[in-house]
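Chain naming here is simple, since letters A, B, ... match the order of the sequence lines and numbering starts at 1 in each.
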Amino acid sequence: MRTAFAFMVLALLLAAPAQAALRVLACEPEWAALTRELAGELAEVDSATTALQDPHRIEARPSLLAKARRADLLVCTGAELEAGWLPLLQREAGNGRIQPGQPGYFEASAQVPLLERPTQLDRAQGDVHAAGNPHVQLDPRRMATIAAALATRLSQLDPAHAARYAERNTDFQARWQAAITRWEGQGARLKGVPVVVHHRSFSYLADWLGLVVVGDLEPKPGVEPSAAHLAELLGSLHARPARMILRAAYQSAQPSAWLSQKAGIPAVELPYTVGGAPGSDDLFGLFEVTLARLLAAAP
Amino acid sequence: MSTRNTFIVALCALATPALAAPQPQELDAIRAEFEQKFQALQADYEARLKALEGRVQAAETQAGAAQATAQTAAATAEQTAQAAPPPPPPSSAFNPDISLILQGAYNDRAGGERPISGFLPAGAHAHAERGFTLDHTELVMSANIDPYLRGYLNLAFLDDEVEVEEAWFQSLQLGHGLTVKGGRFRSGIGYQNEKHPHAWDFADNNLVYEALFGEGLLQDGVQVRWLAPTELFFELGAEVAKGQFFPGSDAGGDQNGAGSWAAFAHLGGDVGASHSWRTGLSYLKARPREREGWVDDLNDAEALTRFSGDSRTWLADAVWKWAPNGNPRERNLTLAAEYFQRDEDGDLTCIDNSLDGGACLGLTDRYASDQSGWYAQAVYQFMPRWRVGTRYGRLSSGDAELGLNAASLEAADLNPERWSLMTDFSPSEFSRFRLQFNRDEALVGEPDDQVILQYIMSLGPHGAHRF
């Protein structure tokens, strides 16, 4: 009996090594990158998805459950983007810290105003999100607001290092604002450029840079592009031409390649999130690569 | 003994260095602790101030940039709008999430009873509808009850009846990897068991589950799950329940204590970004009493049997999923297989049916069986919306020990089997149409070629689906 007890104590000691760092599980790579900017070595950051995966359609894999079990903080987009898999992770992981409403669950989209809030909720409109378009990460101004809120959340969860999070946030905000000014200068000539998008993934990017979205490859959000819809879109482009077609790294290249060939405009693959293209290994790189690709396609 | 005690104390001391601090230095320790806490408090305030400063700075820079052009001014207006509190959500937002599953089919198959040869049937009859049929219509409601608990209800509507498929509460705040569920729930044993029919990859159930549980094992009781804090997914679970559902029985559940219990262990993980897997081992113990089942006797007449005894089931399951770069949207493959072994030991009565030309004379004698079986399936999505799948299941009824009943019931070792092929088309995540072909030899010696055309519609909020 005592041997068993001693063994259990030993097992517990081995299973739970000293909790030095905050364990953060980000739902998408952009939030993992933001957490790394704000927490540095203070947090052990993992991302549940990669840039090559569609965040709408993720399997609640056993490995993700194991990660959610150990997380102190979940950093997710929210606004129902992860509705198909995240609730399952939260419920089945036996981890009270990361439940909705707890400090250990951070929703980026809840920190900023959202675009494209539907006035009418009907599935005939496709896979619409009641709260609005959740793909907020490609607006650097919103990213700054989210960063400040996330820094506050990190210091709330790890008060011992509050000063460090605040310091890192101030440092990040300074570098970020400088970068925004630079990017806005570079991107000035993209203002008013008409574009076609695969999915409504780039609404915030368009909002920031002044791109004008004139068409979607998906007939309705979340519905696969069909031949009939693409043909119709091609017809509408005669009346209202676009300069380029945008798609995310995880989206199929076929529909945009087809339209690109027929309409004679370039199809541009954007990283969409951190890690989606060479050079987009952090948030700064993400915007550098995105701008470079947009500028290359709009001479 | 004392060395062990010292060992434990030493371990505890290692684990909590603060407790081991020598007495004389206690005052210093308290002072140090106070200073440390005071500093932490100071740091906390500084941090908050700095965070605020950062936000003000950020807002200022944004405002500055905004003044430059009219376009960004619009954005600033938006940013200020953000400061205004959002309108309060309507109180109806407290209503549970409601979703509805509509399911129906057209079946082309042989009529009449088609019991699985050599197996006592799960559920009294093995009658399958043909022609146009309305399967289950499911109504699902769920919501958080309070910060600590969540509730879930699944009602299945059939003609003239409503079945409570599931009705349970689940703990959210226990922590330490623990989750407790209470009420009626689908048992955590096996792989397919927790999936509702609308989430199945085929229009009908696999042969293994049909033989073991009918549709799936429901439990009225309590389930505890524990997820290990390890990189590898490792989960243990245990259930105690009333045990009134097959392989248990109503009379078996009519008692204090538990009429059935189950335990399961799952192990899972990823291999690179594209592959993921899970395996499991489960055990189920039930104590059926007077469990009724219709079988064909040696005269080929319908005979009613009653079984009382112990039923023990082992289930081993494995599932492997592949998707390029872990993105299942375009293409993905799922392989799943399960194996079971069940032994039952007790008394079997075959109710006298000699007046109807049957072979049973109402005798009761020992019944012991050792049965097993397996199924394997592969489902491949080769392009968005379209999937194809194949499945094979084979059972072994084993040599049953029938005692006196050997004079009226068949004891041969039979191998019921079934091949299935299916293809389905999903216009969106919320709808699916499926065509399936079965070569069914569950009733040995009377093969049946079956065609099933099925639809599954899900209305309402997105349900998260299990792995």
Interface check, chain A: of B/Ala273, B/Pro328, B/Gly326, most non-hydrogen pairs under 4.5 Å belong to B/Gly326
Taken to the nearest 0.5 Å, the spacing of A/Arg164 CZ from A/Asp158 CG works out to 10.0 Å
Most contact-rich option vs chain A, by heavy-atom pairs under 4.5 angstrom, among B/Leu178, B/Leu174, B/Asn144, is B/Leu178
**Prompt:** How about A/Gln254: does its CD atom have over 12 heavy atoms from other parts shown lying under 6.0 Å from it?
**Reply:** no
- Would you find more than 12 non-hydrogen atoms of other residues, nucleotides or ligands less than 6.0 Å from B/Phe425 atom CZ? yes
Residue from A/Thr49, A/Leu52, A/Ile98, A/Val223 scoring the most non-hydrogen pairs under 4.5 Å with chain B is A/Leu52
The residue among B/Arg225, B/Arg278, B/Arg186 that forms salt bridge (Lys or Arg N to Asp or Glu O under 4.0 Å) with B/Glu194 is B/Arg225
Honestly, the part of B/Ala323 sitting under 4.5 Å from a heavy atom of chain A is neither
So, the part of B/Leu232 with a heavy atom under 4.5 Å from chain A: the answer is backbone
The interface call for B/Leu172 against chain A, heavy-atom contacts under 4.5 Å, is both
Okay, B/Trp226 and chain A: the region with an atom under 4.5 Å from a heavy atom over there is side chain
| Note, B/Thr279 side chain near B/Tyr191 side chain (heavy atom, < 4.5 Å) | no
Of B/Leu459, B/Thr179, B/Asp270, B/Asn332, the largest count of non-hydrogen pairs under 4.5 angstrom with chain A goes to B/Asp270
**Prompt:** If you measure from the Lys or Arg side-chain nitrogens to the Asp or Glu carboxylate oxygens, is any gap between B/Arg385 and A/Glu224 under 4.0 Å?
**Reply:** no
If one checks every heavy atom of B/Lys321 against chain A at 4.5 Å, the contacting part turns out to be side chain
Residue from A/Glu59, A/Arg69, A/Gln53 scoring the most non-hydrogen pairs under 4.5 Å with chain B is A/Arg69
ask   = Within a reach of under 6.0 Å around CZ of A/Arg57, are more than 12 heavy atoms found that belong to other residues, nucleotides or ligands?
value = yes
If one checks every heavy atom of A/Glu92 against chain B at 4.5 Å, the contacting part turns out to be both
Okay, A/Tyr250 and chain B: the region with an atom under 4.5 Å from a heavy atom over there is both
Test item: A/Arg168 side-chain N/O and A/Glu37 main-chain N/O as donor-acceptor pair under 3.5 Å: yes
Note: vs chain A, highest number of non-hydrogen pairs under 4.5 angstrom among B/Glu231, B/Lys181, B/His465, B/Glu235 is B/Glu231
| task | Could you check if a side-chain atom of A/Glu28 sits within less than 4.5 angstrom of a side-chain atom of A/Leu81, using non-hydrogen atoms only? | result | yes
